[in-house]
Each structure stands twice: as structure tokens, then as C-alpha cells.
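Worksheet for the structure shown next.
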Amino acid sequence: MTGQVFYEDVEVGQRMPELTVSVDETQLFFFSAATYNGHRIHYDKDWARTVEGYDDVLVHGPLQAALLGRAIGDWIGGRGRLVSFAVQNRAVAHPGQPLTFGGTVTGKRLSDESAGLVDLEIAGRRGETVLTPGTATVELPRRGNRS
């Protein structure tokens, strides 16, 4: 999304723009390396199939959470701030599958400091399957306030 979203422009029930990505095996390798995650289920297809019983290697749950965080960050813009973020991993995803990350505004309020706080119900999905449900709160700038 281009531009900055402001607290006054957000309404309860509004959906944030979605991020859709297809993670590839190279990304899985680099994420494993960056997070020191040596679990073979993320890079060894034979292991994932024969030992773990999956059709293919798995996209890391924390990578899915990071992509959900990216979708939020893209939406709130440079003056927005992620205040809280909580997700659970509920289903698996494999490389090459289109995954969609987004959320819906569930509430908005002003903090004691008059900051604009927006509550979100968020999720990563593979089609209709919810992979990573969760919640987040973001602080959005208010119109006319440069801080």
C-alpha cells in the first residue's frame, strides 16, 4: 500500500490489504539458517515424507508469522507502530502454495496519550484454511499530528 493510513480513516469491520506470497525452498533454507532452525522437516523432502508423514517440506510457522507481520507493517506505513502481536500455528503449508496474510479491524480507541489504537483480528491462510490466526494492535498517526 502506498501512502500513510491514519486513525481517522479506519473503521471497524474494514479489511486491511492482503499480502499474497508463495514461499519457495530457497526461502525455507535461508529462514532456517537465519533462525538456526536445523529441523529437517523444512529442507529434506525425503525426511518430511517418510519420517514425518507430510507430502513435502513445511513452511516454518515463524516464517508465516513474520509474513503476517510484514502485511501489517506494509499497511500501517512508516508512521504506524505495531503495539502487540500474537499468533498460533494451526495448519501446515508447503512451498509453492499461495499464502495470504491479512486482517480485519475489530476495534479502535484513543490511548491515555491520545494515540490512535486499532485492534485487528489477523490470519495467514492457504485458500480457506486458516494457518495462523491471531490478534494485533497497531498505533496509527492521527491527522494533523506530526509526531
Side-chain angles (χ1 to χ4, degrees), residues 1-37 39 41-45 48-49 52-111 113-147:
M1 176 175 208
T2 59
Q4 178 64 56
V5 64
F6 290 89
Y7 176 78
E8 292 82 0
D9 300 329
V10 174
E11 299 296 331
V12 172
Q14 177 180 338
R15 293 194 49 77
M16 57 179 267
E18 292 181 330
L19 169 68
T20 300
V21 297
S22 294
V23 176
D24 64 28
E25 292 179 31
T26 301
Q27 288 172 295
L28 294 181
F29 171 80
F30 282 118
F31 193 83
S32 287
T35 59
Y36 298 99
N37 183 341
H39 195 313
I41 203 164
H42 300 298
Y43 65 87
D44 185 334
K45 285 184 185 191
R49 288 179 182 142
E52 301 286 348
Y54 292 105
D55 294 334
D56 199 348
V57 293
L58 303 182
V59 176
H60 309 74
L63 176 55
Q64 294 175 47
L67 290 166
L68 190 49
R70 177 180 151 196
I72 295 169
D74 288 351
W75 176 57
I76 65 176
R79 291 178 54 207
R81 182 173 73 90
L82 182 61
V83 175
S84 68
F85 178 85
V87 295
Q88 297 177 346
N89 295 108
R90 296 269 181 93
V92 300
H94 300 290
Q97 296 177 323
L99 307 177
T100 304
F101 302 91
T104 302
V105 175
T106 58
K108 58 185 281 191
R109 64 196 182 286
L110 296 177
S111 72
E113 295 83 30
S114 295
L117 299 176
V118 175
D119 299 316
L120 301 164
E121 181 178 299
I122 55 176
R125 290 180 161 72
R126 181 189 67 248
E128 295 300 315
T129 301
V130 176
L131 304 170
T132 51
T135 59
T137 299
V138 297
E139 180 182 313
L140 296 178
R142 299 189 63 205
R143 289 205 179 277
N145 185 356
R146 295 301 307 161
S147 58

Test log, rule side-chain hydrogen bond (donor to acceptor under 3.5 Å, both in side chains), inputs N37 and S32: CA-CA 5 Å; N37 183 341; S32 287; 5.1 Å; no
Gap separating the CG atom of L63 from the CG atom of L28, nearest 0.5 angstrom: 7.0 Å
CD1-CD1 distance between I122 and I72, expressed to the nearest 0.5 angstrom: 4.0 Å
Spatial distance of atom CZ (F101) from atom OG1 (T132) [nearest 0.5 Å]: 5.5 Å
Heavy-atom pair with the smallest gap, counting every atom of Q27 and S22: OE1-O, 3.7 Å
For E8, the option from K108, R143, R142 that meets salt bridge (charged side-chain N to carboxylate O under 4.0 Å, His left out): R142
Residues V118, I76; criterion side chain to side chain contact (heavy atoms under 4.5 Å, CB included); working and verdict: CA-CA 10 Å; V118 175; I76 65 176; over 6 Å; no
Main-chain N/O of I41 paired with H39 side-chain donor or acceptor, under 3.5 Å: yes
Rounded distance (nearest 0.5 Å) linking atom OG1 of T104 with atom CG of L120: 8.0 Å
Polar side-chain atom of Q4 near backbone of R79 as donor-acceptor pair, under 3.5 Å: yes
Nearest heavy-atom neighbours spanning A123 and L68: O-CD1, 3.6 Å
Check: H94 side chain, V57 main-chain N or O, donor-acceptor pair, under 3.5 Å: yes
Distance in Å, T137 OG1 paired with L117 CG, rounded so as to fall on 0.5 Å steps: 7.0 Å
Side-chain ion pair, E18 and R125, N-O less than 4.0 Å: no
Between OG1 on residue T35 and NE2 on residue H42, distance to nearest 0.5 Å: 8.0 Å
Any side-chain heavy-atom pair of L131 and R90 under 4.5 Å: no
Test item: D119 and T135 side chains (from C-beta on) under 4.5 Å apart, heavy atoms: no
Nearest heavy atoms of L99 and A93, plus distance in Å: CD2-CB, 3.8 Å
Backbone of T106 reached by a side-chain donor or acceptor of E121 within 3.5 Å: no
R109 backbone acceptor or donor facing Y7 side chain under 3.5 Å: yes
